[in-house]
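A short worksheet on the structure shown next.
Quantities reported herein were computed from a predicted structural model and do not represent experimental measurements. Computation of the quantities below employed the complete heavy-atom set of this structure, encompassing side-chain atoms and omitting hydrogens, waters and symmetry-equivalent molecules.
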Amino acid sequence: MSWFEIFLTGVGLSMDAFAVSIGKGLSMKTFNKAAALTCGLWFGIFQALMPLAGFMLGFRFQGVIRSIDHWIAFVLLALIGGNMIREAFSEEDDAASDAVDVKTMFILAVATSIDALAVGVTYAFLNVRIAPAVCLIGVTTFVIATCGVAVGHLFGKKYEQRAEIFGGAILIAIGLKILLEHLFFGG
């Protein structure tokens, strides 16, 4: 995988955190820079840690499933991306709060980064250099989530659905690319 593809994966993964950050910004009566940075840190750290954990799991079982790794990568990324798109059209309205306490942010950070665990598994199969990859994903998510709080405060719910659709489409496209490269070009 190229660095640009890893960056795009980071953008795709960060869309859940972006949507939650928009909700945080929506609930703020006045914009709070410290709260925006706190959201960015929580989401960025967890989006970096989860692929690392997934990579370790995937690396452990890499030899056993090497012959189907491209299918696993495709299915995981397509499921994650499809779920993000489905959630964008869901009628459920997530109640937003401006709280950035440890308990609230821990739960949100874990919930928005579960999909990154699966991406980490695919990175093990693709022999991605994990340390720089997770740093890039973490920094990308930090920036996007921090900006999400500001966007939420300024524009409201207008961009939340589009962000989830965009993120899901990116992950599906990367999964399809991995599959096609392996099937047709011996990737």
Side-chain angles (χ1 to χ4, degrees), residues 1-21 37-88 102 104-148 163-182 187:
M1 276 186 107
S2 71
W3 290 111
F4 184 67
E5 290 171 320
I6 292 170
F7 169 73
L8 286 178
T9 301
V11 170
L13 290 172
S14 69
M15 289 299 114
D16 279 347
F18 181 67
V20 171
S21 295
L37 290 172
T38 299
C39 284
L41 278 172
W42 274 98
F43 292 131
I45 288 169
F46 273 80
Q47 288 288 7
L49 290 176
M50 290 298 231
L52 180 60
F55 180 85
M56 288 185 220
L57 286 171
F59 191 75
R60 172 131 167 92
F61 299 104
Q62 185 178 24
V64 178
I65 51 180
R66 172 60 98 186
S67 64
I68 58 168
D69 60 358
H70 53 287
W71 284 102
I72 293 170
F74 168 69
V75 168
L76 288 174
L77 291 172
L79 285 173
I80 295 164
N83 189 51
M84 287 175 71
I85 293 169
R86 182 191 58 77
E87 286 177 1
V102 171
T104 300
M105 291 310 301
F106 177 80
I107 292 168
L108 291 173
V110 169
T112 58
S113 64
I114 294 294
D115 49 0
L117 184 74
V119 169
V121 171
T122 67
Y123 281 0
F125 302 140
L126 299 173
N127 294 317
V128 170
R129 290 181 35 219
I130 195 64
V134 297
C135 289
L136 180 58
I137 290 169
V139 168
T140 300
T141 302
F142 167 77
V143 170
I144 289 173
T146 302
C147 291
E164 288 200 34
I165 293 168
F166 179 69
I170 287 174
L171 294 179
I172 291 169
I174 290 171
L176 188 58
K177 179 191 173 292
I178 290 167
L179 179 65
L180 294 175
E181 277 181 349
H182 186 83

| request: Could you go through the side chain to side chain contact (heavy atoms under 4.5 Å, CB included) check for Tyr123 and Val134 one step at a time? | output: CA-CA 10 Å; Tyr123 281 0; Val134 297; 5.7 Å; no
| message | Show, in sequence, the C-alpha distance, side-chain angles and deciding distance for Val75 and Leu79, and conclude whether the side chain to side chain contact (heavy atoms under 4.5 Å, CB included) test is met. | response | CA-CA 6 Å; Val75 168; Leu79 285 173; 3.7 Å; yes
| message | Is there a side chain to side chain contact (heavy atoms under 4.5 Å, CB included) between Met1 and Thr9? Walk through the geometry before answering. | response | CA-CA 10 Å; Met1 276 186 107; Thr9 301; 3.7 Å; yes
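Here the straight-line distance linking atom CG of Leu8 with atom OG of Ser2 works out to 7.5 Å at 0.5 Å rounding.
Nearest heavy-atom pair across Cys39 and Ala145 is O-CB, 4.4 Å. Taking both residues in full, the closest heavy atoms of Pro51 and Ala48 are given as CD-O, 3.3 Å, listed atom of the first, atom of the second, then distance. Scanning both residues, Ile85 and Ala169, for their nearest heavy atoms gives CD1-N, 3.9 Å. Here the closest heavy-atom approach between residue Leu117 and residue Ala53 is recorded as CD1-CB, 3.7 Å. Closest non-hydrogen pair, Ile144 versus Phe18, comes out as O-CD1, 3.3 Å. Minimum heavy-atom separation, Val128 to Ala133: CG1-CB, 3.7 Å.
Aromatic ring pairs are classed by plane angle as parallel below 30°, tilted from 30° to 60° and perpendicular above 60°; the pair Phe55 and Phe59 is parallel.
Remark: Thr38 pairs with Trp42, Val100 by the side-chain contact (heavy atoms from CB on, under 4.5 Å) rule, at least two apart or across chains. Scored by the side-chain contact (heavy atoms from CB on, under 4.5 Å) test, Thr146 finds Ala36, Leu37, Phe142 as partners (sequence neighbours excluded).
Remark: side-chain polar atoms of Thr141 are not paired, donor with acceptor, to backbone N or O of Gly138 under 3.5 angstrom. Looking at Thr112, its side chain never comes within 3.5 Å of a backbone N or O of Ala17 through a donor-acceptor pair.
Pairs engaging residues 3-17 under the salt bridge (charged side-chain N to carboxylate O under 4.0 Å, His left out) rule: Glu5-Lys177 [sequence neighbours left out].
Between Phe106 and Phe46, the ring centre distance stays below 6.0 Å.
Looking at heavy atoms from C-beta onward, Met15 lies out of side-chain contact with Ile165 at the 4.5 angstrom threshold.
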